[in-house]
Amino acid sequence: MESKFFRFLKIVGVGYKARAEAEGRLLFLKLGYSHEVELTVPPAVRVFCFKNNVVCCTGIDKGRVHQFAASVRSCKPPEVYKGKGIMYIDEVIKKKQGKKSK
C-alpha cells in the first residue's frame, strides 16, 4: 500500500503512551485512565508509533486518515491549563494563566 497522506499526532503528559500492534491495525493508548484505550484502525489507514509519544497515521484516502486522526485526538484533547493531551504536531495550544493568588 502506497501511503500518500500523513497525519502526525504528539502525546504530551506524564505516563501517556501509545503503541501500535497487528501491523498497524490496532492502536493502544495509555492516557491516564484506569484502562487502556483500544482503537481499531480503518482498512484504508495504517498507524505507526515512532516513539511512545509520536503517532503517525498514513493512508491513500485523505478523508479517512484525517477522520481517524481526529478520533484519536478526541480520546484526550489538549487542555488549555497544562497543555497535556493528544495534539497534532503542527498545532499550537494557547495556555491560560489559571487562578491568581493574592
I'd like to check L26 versus E38 (side-chain heavy atoms, cut-off strictly below 4.5 Å). Are they in contact? yes

For K95 and G83 the tightest heavy-atom approach is CE-CA, 4.1 Å

**Asked** Are I86 and S74 side-chain neighbours, meaning at least one heavy-atom pair lies under 4.5 Å?
**Response** no

Between the CG atom in D61 and the NZ atom in K4, the distance rounded to the nearest 0.5 Å is 11.0 Å

* To do: Indicate yes or no: at least one non-hydrogen side-chain atom of K51 is less than 4.5 angstrom from one of K10.
  => no

Between V47 and the options L27, T58, L39, L9, the side-chain contact (heavy atoms from CB on, under 4.5 Å) test singles out L27

If you define the side chain from C-beta out and look only at heavy atoms, does anything of V65 sit under 4.5 Å from I60? no

Side chain to side chain contact (heavy atoms under 4.5 Å, CB included) filter on K94, not counting sequence neighbours, yields none

Are any non-hydrogen side-chain atoms of R46 and R25 less than 4.5 angstrom apart?
yes

Please determine whether side chain to side chain contact (heavy atoms under 4.5 Å, CB included) holds for the pair R7 and Y88, giving the CA-CA distance in whole Å, both sets of side-chain angles, and the decisive distance to 0.1 Å. CA-CA 8 Å; R7 199 71 168 146; Y88 301 120; 3.7 Å; yes

One should read off an interatomic distance between Q67 CD and K62 NZ, to the nearest 0.5 angstrom, of 13.5 Å

| query | Does one hydrophobic cluster hold both F6 and I89, with members joined at side-chain heavy-atom distances below 4.5 Å? | reply | yes

**Message:** Using the rule that Ile, Leu, Val, Met, Phe, Trp and Tyr join whenever any side-chain heavy atoms are under 4.5 Å apart, tell me whether V72 and Y33 fall into a single cluster.
**Reply:** yes

d(F8 CZ, C56 SG) to nearest 0.5 Å is 4.0 Å

| query | Would a 4.5 Å heavy-atom cut-off, applied to side chains only, mark E21 and F28 as touching? | reply | yes

Flag side-chain contact, heavy atom, 4.5 Å: V55 against I11 = yes

Dump the intermediate steps for side chain to side chain contact (heavy atoms under 4.5 Å, CB included) on N53 and V12, then the final yes or no.
CA-CA 7 Å; N53 63 346; V12 179; over 6 Å; no

So the salt bridge (Lys or Arg N to Asp or Glu O under 4.0 Å) pairs with at least one residue in residues 69-86 (sequence neighbours excluded) are R73-E91

Note: G32 and Y16 closest approach over all heavy atoms is N-CE1, 3.8 Å

For F68 and C57 the tightest heavy-atom approach is CD2-SG, 3.8 Å

